Amino acid sequence: MADDHTDHIDHADSPFATYLALLASGAPAASYERPVLRARADGAPPDRLAAVEHAKLLALRVRAELEDRRRREAELSALFATAHDLAGLRDVDAVLRAIVQRARSLLGTDAAYLTLHDAVAGDTYMRVTEGSVSARFQALRLGMGEGLGGLVAQTARPYATDSYLDDPRFQHTPVIDSGVRDEGLVAILGVPLQLGSRVIGVLFAADRRFRVFNRQQIALLGSLAAHAAVAIDTADLLAETRSALADLEAANAVIRDRSAAVERAADIHDRLTELVLRGGGVHDVAAAVAEVLGGRVEFLDSGDGPAPAVERSRAEGRAVRHGDDWIAAVSAADELMGALRLRDRPGLDPVDRRALERAAMVTSLLQLARRSVGEAEQRVRGELLDDLLDAPERAPRLLRKRAARLRADLDTPHIVLAARIADERADAPADRQRLWSAASHLAATGHGLAVARDGGTVLLLPHGPHDSATTTARTTARRLEAALHARVTVGASTPVPAPAARPCDVAAAYAEARRCLDVLHALGRGGDGASADDFGFLGLLLTGTYGGTDGGSRGGSRGGSHDGSRDGSRVGVFVARTIGPVIDYDARRGTALVRTLDAYYACGMSPARTKDELHVHVNTVAQRLDRVARLLGADWQSPARALEIQLALRLHRLSPSLGGGR
């Protein structure tokens, strides 16, 4: 038989040659039946038909072997390509997409997809799909044990079904079954993605028709799933490595920044120490901090900075953010002296922030030191003014010598100002101290003198030929109010030509300034400034009441007493002649007619408003006014009499020597 087959092979029309040609051309399996049919049609003898049939079977066997080899070659090529992708892994999503695409191509399925485990939700979700057309299917999530994929994830074993919707082995849910129907899937194969014993996902291949998956296909999909698991694990490791490297780089950067910040802090400490030792000022501190920290640093006087930020910094004792700036309050105890503002450095680390706070502390120490020096000078200035007020017999030569050391020229015209806080309820010792401090600073900057006296402050300031006493008084009141944040009343005297030559004129001028101050309060003008010329006829009365220009009648003392017997008698006569009967009636009967008159005129001569002011019945007001009419005469409310009565009431209230008082 072997020789016969050899003869057939060598023969030109041998069936083996025909089938070799079919194998070489890659003809489909159906083409291998045609030579047999042709031999039968040609009436070939039985042995010829048998030879052709034998050649067909051999050719089909060879063809199947070649197909199997090609399939395995394609599978190995795909696995090799997948391994190559893993070796050069850059994008895990791209690798997973390639694996799913190869699974669909090698198994020849309509769709392939991969799900991953969600540790937070406790289920699996679609990560990659290929060949899917349903949005609902692509958004499916499978709980543990639900559907074929849930069973694979739960058991860590591959499962295949030739008809998913009819397979009772799986836990069917309406959501999953609806998604499978939308996609039109029938046969599904799923294999686990495992890292050790842990299942991290499932790789699927699915067809939209009935199909049975064989062992080779299950093994191939399992190999691709193993590659996918390695890809995910590698990507996780790479991500962890990158995160660790990033953390190390961040830590290294923090160490470098901290080291630089510590060096800056040490540099600032050295610079600030040097500034304190050599007596630097606040602007020197600002310049040193700006040079070390960068940005721009400026010192803000109290009231100049953003008040909410400054107050918050003072309360917390820390530098605070204000927009793109940093604010550090400069304070000592409860007193705010100003603030340091750092610009152009919005990102300030804790060490640099602490350096700014330390600079603010040093600034407060410098301010306190400067204040101590200033207060010592202010006390010297106050002692000189005390001597001018209390000891007019002092030798002019000694006064001039002391004034020269304070850069004051007492041979030029000066004006005396009496200042007092307008709100007497807030006139506490601490407030009077602050008033003296502010007035002393004002006097020092103007080459004048200041001293605390009689519950207020006295200032002796240079007065130029074109200066106005009223303007000086009002300007001083505004400046002191700005420094104290409280209203301050200021009375001004007429100019003293040469205080050193005639010290007695200073005491007389102070008495005049004090009386202007009292008149301002009596007229309800607290917080204003004025001189005697501002009061018209009342000013003339004041001038006449408290003396002329000769020094003999103007004694000045620390208690503020004066010899007003001569001029006071004139005002006393005016007051007694105008409202004396009412004053006497109150003194004898203990009534309040004078107070009622004051309230009546203050309320615009309205009995209804007067009774509210006095908190009495309107009939009481009417009865008191009837009594006034009987005491002063029926014409007491005429314009001329009303003016005299109001003036007398003011003078009576102003002068203690006349029985009034404050």
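Just so it is clear, the structure is predicted and the values come from calculations on it, not from any experiment. By convention here, the first residue in the shown sequence is residue 1.
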I'd like a table of donor-acceptor pairs (distance under 3.5 Å, sequence neighbours excluded) in which one partner is a side-chain atom from residues 640-647, with atom names and distances.
residue: R641; atom: NH1; partner: L632; partner atom: O; Å: 3.3
residue: R641; atom: NH1; partner: D635; partner atom: OD1; Å: 2.8
residue: R641; atom: NH2; partner: L632; partner atom: O; Å: 3.2
residue: Q646; atom: NE2; partner: A642; partner atom: O; Å: 3.4

Taking all atoms of both residues into account, what is the closest heavy-atom pair of D411 and A501, and its distance?
OD1-N, 4.5 Å
Do D528 and T489 touch side chain to side chain, with heavy atoms closer than 4.5 Å?
no
Run the side-chain contact (heavy atoms from CB on, under 4.5 Å) test on L517 and V490 for me, step by step, so that the C-alpha distance in whole Å, both residues' side-chain angles and the decisive distance to 0.1 Å come before the verdict.
CA-CA 6 Å; L517 180 67; V490 178; 5.7 Å; no
Please find the pair of heavy atoms, one from A500 and one from P503, that lie closest to each other, and give the distance.
O-CD, 3.7 Å
With a 4.5 Å heavy-atom cut-off, do Y585 and T591 have their side chains touching?
yes
Between the side chains of T596 and R624, does any donor sit under 3.5 Å from an acceptor?
yes
Can you find a pair of side-chain heavy atoms, one from D325 and one from L342, that are under 4.5 Å apart?
no
Nearest 0.5 angstrom please: L449 CG to R402 CZ, how far?
9.5 Å
For the residue pair A530 and A473, what are the closest heavy atoms and their distance?
N-CB, 3.6 Å
Heavy-atom check, side chain of T457 versus side chain of V451, under 4.5 Å
no
Basic-acidic side-chain contact under 4.0 Å: R627, D586
no
Do L625 and W636 have side chains that get closer than 4.5 Å, going by heavy atoms?
yes
Should Y510 and D505 be marked as a side-chain hydrogen bond (donor to acceptor under 3.5 Å, both in side chains) after you check the CA-CA gap, both sets of side-chain angles, and the distance that decides it?
CA-CA 9 Å; Y510 170 53; D505 289 350; over 6 Å; no
Full working for side-chain contact (heavy atoms from CB on, under 4.5 Å) between L417 and V458:
CA-CA 6 Å; L417 302 171; V458 186; over 6 Å; no
Is it the case that atom CZ in R588 sees more than 12 heavy atoms from other parts of the structure closer than 6.0 Å?
yes
Quick one: CZ on R420 to CG on L520, what's the gap to the nearest 0.5 Å?
10.0 Å
Spatial distance of atom CG (D584) from atom CD1 (I579) [nearest 0.5 Å]:
10.0 Å
What is the distance from atom CZ of R341 to atom CG of L300, rounded to the nearest 0.5 Å?
5.0 Å
May I ask you to decide if R318's main-chain N or O and S313's side chain share a donor-acceptor pair within less than 3.5 Å?
yes
Any heavy-atom pair between the side chains of L410 and L460 that's under 4.5 Å?
yes
Return all side-chain donor-acceptor pairs below 3.5 angstrom for residues 599-606, not counting sequence neighbours, or 'none' if the list is empty.
residue: Y600; atom: OH; partner: Q637; partner atom: OE1; Å: 2.5
residue: S606; atom: OG; partner: R609; partner atom: N; Å: 3.3

Residues T494 and A509: closest non-hydrogen pair is O-CB, 4.4 Å
Closer than 3.5 angstrom, by distance alone: can the side chain of S331 be matched with the main-chain N or O of R314 as a donor-acceptor pair?
no
Going from CZ on R595 to OG1 on T610, what distance comes out if it is rounded to the nearest 0.5 angstrom?
11.5 Å
Side-chain H-bond candidate by donor/acceptor type, D467 with T472, under 3.5 Å:
no
Flag the pair D431 and R434 as a salt bridge only when some basic side-chain nitrogen lies within less than 4.0 angstrom of an acidic carboxylate oxygen.
yes
Say you draw a straight line from CZ of R432 to OG of S437; how long is it, rounded to the nearest 0.5 Å?
15.0 Å
Is R312 atom CZ crowded by more than 12 heavy atoms from other residues, nucleotides or ligands, each under 6.0 Å away?
yes
Under 4.5 Å between any side-chain heavy atoms of V330 and F299, yes or no?
yes
With distance as the sole test, does T475 use its side chain to make a donor-acceptor pair with the main-chain N or O of T471 at under 3.5 Å?
yes
For the pair R453 and D390, evaluate salt bridge (Lys or Arg N to Asp or Glu O under 4.0 Å) and give the outcome as yes or no after the intermediate values.
CA-CA 11 Å; R453 199 177 184 89; D390 295 336; 2.3 Å; yes
Given R354 and L356, is the side-chain contact (heavy atoms from CB on, under 4.5 Å) satisfied, shown in steps?
CA-CA 5 Å; R354 180 59 184 154; L356 181 61; over 6 Å; no
Give the C-alpha distance, both sets of side-chain angles, the deciding distance and a yes or no for salt bridge (Lys or Arg N to Asp or Glu O under 4.0 Å) between R487 and E481.
CA-CA 5 Å; R487 295 187 310 135; E481 178 180 344; over 6 Å; no
Please step through side-chain contact (heavy atoms from CB on, under 4.5 Å) for the pair T476 and L442, ending with a clear verdict.
CA-CA 8 Å; T476 302; L442 183 63; 3.7 Å; yes
Is the side chain of D454 donor-acceptor paired with the backbone N or O of G456 at a distance under 3.5 Å, no angle test?
no
Heavy-atom count check: over 12 atoms from other residues, nucleotides or ligands less than 6.0 Å from R474 CZ?
yes
Heavy-atom distance under 4.5 Å between the side chains of V594 and I583, does that happen here?
yes
So, for A422 and G527, which heavy atoms are closest and what is the spacing to 0.1 Å?
CB-N, 3.5 Å
Does R343 come within less than 4.0 Å of D324, counting only side-chain N to carboxylate O?
no
State whether the side chain of H414 and the backbone N or O of L461 hold a donor-acceptor pair below 3.5 Å, judged by distance alone.
no
Okay, side chain of T412, backbone of D409: is any donor-acceptor separation there less than 3.5 Å?
yes
What are the two closest non-hydrogen atoms of A492 and C516, and how far apart are they?
O-SG, 3.6 Å
